[in-house]
Amino acid sequence: MKALPFPLLLPCPSCLRDPWLSSALLRATALELVVLAGHALLYPTGITGERRTPPCPAVDPAPAPSGTTTRPARKAGTAGAAGTSKAARKARKAGAAGAAGAAGAAGAAGAVRNTGGAANAGNTGNAANPDRPPVVLLHGFIDNRSVFVLLRRSLSRHGWRHLESLNYSPLTCDIRTSAELLGLHIEEICARTGHHEVDIVGHSLGGLIARYYVQRLGGDRRVRTLVTLGTPHAGTAVAPLASAHPIVRQMRSGSAPIEELRLPAPGCRTRFVSFWSELDQVIVPAEAACIDHPDLDVTNVRVSGIGHLALLVHPAVAAGIRQALDAHEPARGGPGTASVA
């Protein structure tokens with residue numbers, strides 16, 4: 001097991017007393033309701049899938065072939081002179097704008113250099129890195145891509161350019177079938193972007209589908225890092241009424257997919273980072289969101305003070321996700337612990 005350092009997160013208390021837990025649970029529940037209300041407003045915007053329109057290259061208009069005009073020579077010459085004059089004016093304006101832009105860029109570069117190490121460290125993630133693989137965002141049960149709106153914005157602002165949010169049908173009834181479809185999507189993404197690998201961030205059921213793809217369907221050859229948020233890796237004792245849905249039954253401890261994930265996985269190349277919270281009321285017990293497998297490269301990160309939905313929107317968790325995606329060789333140690341309370 002490995003641990004990721006989180007300089008922005010406070011250390012979690014070693015023990016939780018009942019009064020602290022009660023007040024923390026009330027705060028976490030209030031935050032969950034706020035997040036749920038905001039997500040309910042955004043939900044319609046994510047029902048349809050992303051439109052991926054390839055950029056159209058700019059094409060300069062071809063010059064008119066000589067001898068094809070039927071206008072008199074004098075008018076054609078006048079029009080040509082006028083066009084040349086307009087082009088000259090545009091060129092002069094473009095030159096002035098370019099000079100101003102260059103001066104502004106030089107000034108900005110000087111300002112960055114003059115700010116010292118602290119500013120440079122803070123801006124390290126803002127520069128686009130073409131070597132970063134695409135990041136695939138996979139939502140949870142009865143949800144859609146709109147749940148990642150804040151996390152997607154955070155990744156984009158810190159230099160991630162290839163972000164893909166995938167929707168799977170709420171009528172999906174089998175984790176294994178969903179994992180196969182995920183594999184097809186990832187192959188398409190790799191072919192379209194030219195990358196050989198992707199990173200995945202999965203929330204709740206989305207993380208379970210992604211892990212099944214990686215561990216049981218050979219997806220480790222395509223997935224460099226899998227980050228899960230509140231995912232029931234060991235199953236969850238969900239409400240009995242919710243178990244009417246087949247895929248919810250598969251998320252229970254002892255189900256066939258959960259047991260398959262316990263099987264040996266020698267040589268799995270994917271790094272796993274699992275964020276879990278002791279106040280997550282959807283994952284019961286909360287520790288079931290940890291990955292415990294002897295063959296996997298795993299970092300479990302405990303987040304204190306927030307619930308299941310807030311894992312998606314809290315800025316400190318977003319910072320932890322960015323660090324996990326950029327950490328090619330995380331520090332060795334015990335299980336990761338962190339607090340956002």
Side-chain angles (χ1 to χ4, degrees), residues 1-6 12 133 135-136 138 140-141 174-180 182-183 186 197-238 247-278 280 282-303 308 311 317 320-321 323-325 327-338:
M1 300 266 274
K2 298 179 180 179
L4 290 177
F6 289 91
C12 183
V135 177
V136 179
L138 201 59
F141 179 61
D174 185 63
I175 289 175
R176 290 159 288 202
T177 302
S178 300
E180 293 174 359
L182 174 62
I186 289 177
E197 291 181 313
V198 302
D199 291 335
I200 300 179
V201 178
H203 178 239
S204 196
L205 174 60
L208 204 59
I209 292 172
R211 181 183 170 191
Y212 194 95
Y213 163 67
V214 167
Q215 194 175 326
R216 303 297 302 163
L217 302 181
D220 62 316
R221 68 184 182 89
R222 287 295 192 192
V223 180
R224 186 186 67 161
T225 301
L226 171 58
V227 177
T228 65
L229 309 172
T231 291
H233 292 288
T236 178
V238 293
I247 206 166
V248 175
R249 291 197 295 271
Q250 290 187 346
M251 288 190 284
R252 295 183 69 89
S253 179
S255 70
I258 296 293
E259 291 303 312
E260 288 179 45
L261 293 177
R262 300 183 191 276
L263 296 176
C268 183
R269 291 162 285 189
T270 300
R271 292 192 308 112
F272 296 83
V273 181
S274 176
F275 289 81
W276 66 283
S277 172
E278 79 280 3
D280 190 333
V282 176
I283 309 301
V284 180
E287 292 79 5
C290 296
I291 301 177
D292 184 12
H293 197 293
D295 295 332
L296 302 182
D297 180 2
V298 177
T299 302
N300 290 311
V301 181
R302 183 173 65 183
V303 182
H308 191 71
L311 287 168
V317 177
I321 293 171
Q323 184 177 351
L325 295 178
H328 300 289
E329 295 181 2
R332 295 183 178 276
T337 60

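Remember, predicted model here, so these are calculated numbers, not experimental data.
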With a 3.5 Å cut-off and no angle check, do the side chains of S277 and D280 form a donor-acceptor pair?
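No - no donor-acceptor pair under 3.5 Å links their side chains.
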
Would you say the side chain of [Y] lies within less than 4.5 Å of the side chain of [X], judging by non-hydrogen atoms?
X: I247; Y: D174; result: no
X: I200; Y: I186; result: yes
X: V135; Y: V201; result: yes
X: V273; Y: L325; result: no
X: T299; Y: V301; result: yes
X: L296; Y: I291; result: yes

Taking side chain to side chain contact (heavy atoms under 4.5 Å, CB included) as the definition, give me every residue that meets it alongside [X], ordered by chain and number, with sequence neighbours left out.
X: D295; result: P264, A265, P266, H293
X: E259; result: R262
X: A286; result: W276
X: R269; result: D220, R221

Can you list everything that forms a salt bridge (charged side-chain N to carboxylate O under 4.0 Å, His left out) with R222? Sequence neighbours excluded, please.
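Here the qualifying residues are E187.
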
Could I get the full list of salt bridge (charged side-chain N to carboxylate O under 4.0 Å, His left out) partners for D199, not counting sequence neighbours?
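Only R224 meet the salt bridge (charged side-chain N to carboxylate O under 4.0 Å, His left out) criterion with D199.
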
What pair of heavy atoms forms the shortest contact from [X] to [Y], and how long is it?
X: C290; Y: H233; value: O-CB, 3.5 Å
X: G202; Y: T231; value: O-OG1, 3.9 Å
X: E260; Y: R216; value: O-CD, 3.5 Å
X: I258; Y: P232; value: CD1-O, 3.6 Å
X: V214; Y: F272; value: CG1-CZ, 3.7 Å
X: I283; Y: A289; value: CG2-N, 3.8 Å

So does [Y] get a backbone contact from the side chain of [X], meaning a donor-acceptor N/O pair under 3.5 Å?
X: R271; Y: A327; result: yes
X: E197; Y: V223; result: no
X: T236; Y: V284; result: yes

Can you name the residues that form a ring pair (Phe, Tyr, Trp, His ring centres under 6.0 Å) with H203, not counting sequence neighbours?
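In terms of ring pair (Phe, Tyr, Trp, His ring centres under 6.0 Å), with neighbours along the sequence ignored, H203 is linked to H308.
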
Stepwise, does the side-chain contact (heavy atoms from CB on, under 4.5 Å) test hold for L263 with L261?
CA-CA 5 Å; L263 296 176; L261 293 177; over 6 Å; no

To the nearest 0.5 Å, what is the distance between CD1 on I209 and CZ on R176?
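Going from CD1 on I209 over to CZ on R176, the span is 12.0 Å.
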
To the nearest 0.5 Å, what is the distance between CG on L205 and CD1 on I175?
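Reported value, rounded in 0.5 Å steps: 5.5 Å.
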
Using the side-chain hydrogen bond (donor to acceptor under 3.5 Å, both in side chains) criterion, which residues pair with [X]? Sequence neighbours excluded.
X: S178; answer: none
X: S253; answer: none
X: S274; answer: T228

With side-chain contact (heavy atoms from CB on, under 4.5 Å) as the criterion, how do L208 and M251 come out once you've worked through the C-alpha distance, each side chain's angles and the decisive distance to 0.1 Å?
CA-CA 8 Å; L208 204 59; M251 288 190 284; 4.0 Å; yes

